[in-house]
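See below for the structure under consideration.
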Number of protein chains: 2
Amino acid sequence: MDNLLKYIHSLTLFSEESWELLQPALSKKQYKKNEFLLHEGQICNSLFYIDSGYCKSYYEIDGVKKNTAFFFENDIATNINSFGSGEKSEFNIIACEPLTAIIFDKQKLFEAAKQTNEIEALGRNCIRLFASKQEEFSTLFKLYSAQERLNYLEVNHPDMVQRVSLSQLASFLGVARETLSRIRKRRTAV
Amino acid sequence: MDNLLKYIHSLTLFSEESWELLQPALSKKQYKKNEFLLHEGQICNSLFYIDSGYCKSYYEIDGVKKNTAFFFENDIATNINSFGSGEKSEFNIIACEPLTAIIFDKQKLFEAAKQTNEIEALGRNCIRLFASKQEEFSTLFKLYSAQERLNYLEVNHPDMVQRVSLSQLASFLGVARETLSRIRKRRTAV
DNA sequence: ATAATTTTGTGACGATTGTCACAGGATTAG
DNA sequence: CTAATCCTGTGACAATCGTCACAAAATTAT
């Protein structure tokens with residue numbers, strides 16, 4: 001739980017008492033590679049703090065998998081829409097490596113948040129960070145070409161480019177695997 | 001303020017007392033067409049509830065304006081990253097029509113939220129909705145081609161397609177104006 | 001009402017991308 | 001270690017898209 005506590009302190013003021021009150025809402029879980037954190041059709045009642053390993057979210061449309069996000073250590077993974085509205089998830093979240101997550105249970109988190117303002121603020125900050133991240137990647141597509149998007153990732157998220165395979169990254173960047181391979185070739189040639 | 005109150009009630013439980021407590025954080029403002037709600041370089045200390053009219057967010061890169069979002073009646077417009085972190089905004093929000101907004105002041109909203117859980121829940125819900133919307137549009141680019149994206153907007157956001165001019169919409173969809181014109185031609189021909 | 005400005009449509013052409021196909025390299029399982 | 005599987009690179013070709021240019025249409029200002 002050390003990483004999580006550091007993460008929380010980086011976000012907001014958090015007393016030891018709040019930390020104690022938060023405990024009932026938390027549970028640690030190990031996932032094998034290719035194990036689902038969230039399955040299409042499920043309702044998402046959790047925030048997944050990624051302690052080690054990484055996972056991705058993807059839609060499956062006509063049998064084709066399309067990656068929409070990657071979540072690494074110190075990220076919160078969730079389906080924010082399903083989590084908030086109680087609707088079924090339209091996408092999957094799956095471990096790409098052996099993964100350890102600390103799971104925030106929605107119901108228990110809300111109960112804990114009633115008891116102290118700090119937990120409430122934590123929840124709000126997590127959602128806000130999540131929204132910022134979505135905004136960042138959403139913007140990428142409107143501002144930049146495929147080549148510039150790769151460039152952006154290499155500068156701003158080098159870990160992603162290093163850890164995620166080309167095929168998987170291509171899907172996230174919204175281009176064909178072959179295209180990304182050629183973009184990379186063009187770039188390194190320059 | 002009628003519209004806002006309805007909007008709030010659609011989101012969360014809200015007593016008359018909370019409504020009273022919220023008032024100091026609210027102010028109504030009229031914007032002319034092409035007036036800025038938020039300017040690049042400013043820190044965003046507001047949530048803008050759009051009462052009437054609509055606005056857009058856009059980046060200006062090398063003199064070229066790129067639209068990243070449109071906000072219509074009953075939407076909340078803001079720079080969620082700047083609002084949360086206090087960093088300067090990298091983009092603008094500008095009225096596309098004469099516009100009436102009800103502005104939530106960050107500082108006063110936080111003070112009000114300390115007094116009642118309902119206001120706190122309202123703030124959280126606004127941010128969550130905002131995150132959902134970002135996620136929705138972010139996903140569009142990873143799942144669909146330009147033509148399919150237009151299709152999606154026509155089905156799921158017909159108001160946007162109707163009210164926003166082709167050139168402006170093209171920028172939002174990440175394609176050239178000419179391309180969108182041709183896509184539309186192709187589609188109506190079928 | 002008229003002029004000025006903005007928006008849209010379209011042709012031409014080169015650049016980029018998607019798709020199919022296949023081969024070589026890397027990784028994983030047994 | 002060997003076989004099977006997955007991942008990556010590349011050629012060919014068609015489809016799509018961006019850019020430039022200009023004219024027509026629509027909107028706005030005077």
Side-chain angles (χ1 to χ4, degrees), chain A residues 32-35 53-54 56 58-67 70 94-99 140-154 160-190, chain B residues 32-35 53-54 56 58-67 70 94-99 140-154 160-190:
Chain A
K32 292 173 193 164
K33 184 174 176 176
N34 292 326
E35 197 176 344
Y54 78 95
K56 67 175 181 183
Y58 72 93
Y59 285 70
E60 189 156 355
I61 296 185
D62 300 329
V64 182
K65 293 175 173 132
K66 309 241 184 178
N67 301 330
F70 294 98
I94 196 171
C96 301
E97 292 178 351
L99 181 148
L140 269 189
F141 287 86
K142 291 157 192 158
L143 300 187
Y144 303 128
S145 68
Q147 182 162 341
E148 290 167 329
R149 292 202 292 277
L150 175 61
N151 233 315
Y152 179 90
L153 285 194
E154 285 175 339
M160 193 186 293
V161 181
Q162 280 165 14
R163 290 173 75 177
V164 176
S165 79
L166 180 139
S167 333
Q168 298 303 314
L169 197 63
S171 171
F172 175 73
L173 284 172
V175 295
R177 173 184 73 75
E178 295 91 334
T179 301
L180 187 56
S181 176
R182 285 171 185 131
I183 286 175
R184 204 162 64 171
K185 191 183 167 194
R186 274 207 304 269
R187 281 192 71 275
T188 52
V190 177
Chain B
K32 291 173 194 164
K33 184 173 175 176
N34 292 327
E35 197 176 345
Y54 77 97
K56 68 175 181 183
Y58 72 92
Y59 285 71
E60 189 156 357
I61 297 185
D62 301 329
V64 182
K65 294 176 172 128
K66 308 240 184 181
N67 301 331
F70 294 98
I94 196 171
C96 301
E97 293 178 350
L99 180 147
L140 269 189
F141 287 87
K142 290 158 191 158
L143 300 187
Y144 302 128
S145 68
Q147 182 162 344
E148 289 168 329
R149 292 201 293 276
L150 175 61
N151 234 315
Y152 179 91
L153 285 194
E154 285 175 337
M160 193 187 294
V161 180
Q162 279 165 16
R163 290 173 75 177
V164 176
S165 78
L166 181 139
S167 333
Q168 298 303 314
L169 197 62
S171 172
F172 175 73
L173 284 172
V175 296
R177 172 184 74 75
E178 296 90 335
T179 301
L180 187 56
S181 176
R182 284 169 186 134
I183 286 175
R184 205 161 64 171
K185 192 183 167 195
R186 274 208 304 270
R187 281 192 70 274
T188 50
V190 176

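Residue numbers begin at 1 in each chain, while the letters A, B, ... track the order of the sequences. In this text, all values refer to a predicted model and were calculated from it rather than measured experimentally. Both backbone and side-chain heavy atoms feed into the values below; hydrogens, waters and symmetry mates do not.
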*asked:* Heavy atoms within less than 4.0 Å of DNA chain C: which residues of residues 164-173 of chain A have one? Give them sorted by number.
replied: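 By residue number: none to list.
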_Stepwise side-chain contact (heavy atoms from CB on, under 4.5 Å) check, B:Lys142 with A:Tyr59_ = CA-CA 10 Å; B:Lys142 290 158 191 158; A:Tyr59 285 70; over 6 Å; no
Let me confirm one number: the [atom1]-[atom2] distance from [X] to [Y], rounded to the nearest 0.5 Å.
| X | Y | atom1 | atom2 | value |
| --- | --- | --- | --- | --- |
| B:Arg149 | B:Ile183 | CZ | CD1 | 7.5 Å |
| A:Ile61 | A:Lys66 | CD1 | NZ | 6.5 Å |
| A:Leu169 | A:Leu180 | CG | CG | 5.5 Å |
| B:Met160 | B:Leu153 | CE | CG | 5.5 Å |

Starting from [atom2] on [N], measure out to [atom1] on [X] and report it in whole angstrom.
| X | N | atom1 | atom2 | answer |
| --- | --- | --- | --- | --- |
| B:Arg184 | C:dT8 | CZ | C1' | 8 Å |
| A:Tyr144 | C:dT16 | OH | P | 19 Å |
| A:Ile183 | C:dA15 | CD1 | C1' | 12 Å |

Do the side-chain N or O atoms of [X] get closer than 4.0 angstrom to the phosphate oxygens (OP1, OP2) of [N]?
| X | N | value |
| --- | --- | --- |
| A:Lys185 | D:dG9 | no |
| B:Arg149 | D:dC17 | no |
| A:Ser181 | D:dG9 | yes |

*asked:* If you define the side chain from C-beta out and look only at heavy atoms, does anything of A:Phe172 sit under 4.5 Å from A:Lys56?
replied: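 Not touching, per the 4.5 Å side-chain cut-off.
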_Within the 4.5 Å heavy-atom criterion, are A:Glu97 and A:Lys33 side-chain neighbours or not?_
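A:Glu97 vs A:Lys33: side chains apart.
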*Which nucleotides of nucleotides 19-28 of chain C have their base under 4.0 Å from a protein heavy atom (B), which only their sugar-phosphate (S), and which neither (-), written as one string 5' to 3'?*
BBB-------
*Run the side-chain contact (heavy atoms from CB on, under 4.5 Å) check on A:Phe141 and B:Leu140 step by step: do they pass?*
CA-CA 10 Å; A:Phe141 287 86; B:Leu140 269 189; over 6 Å; no
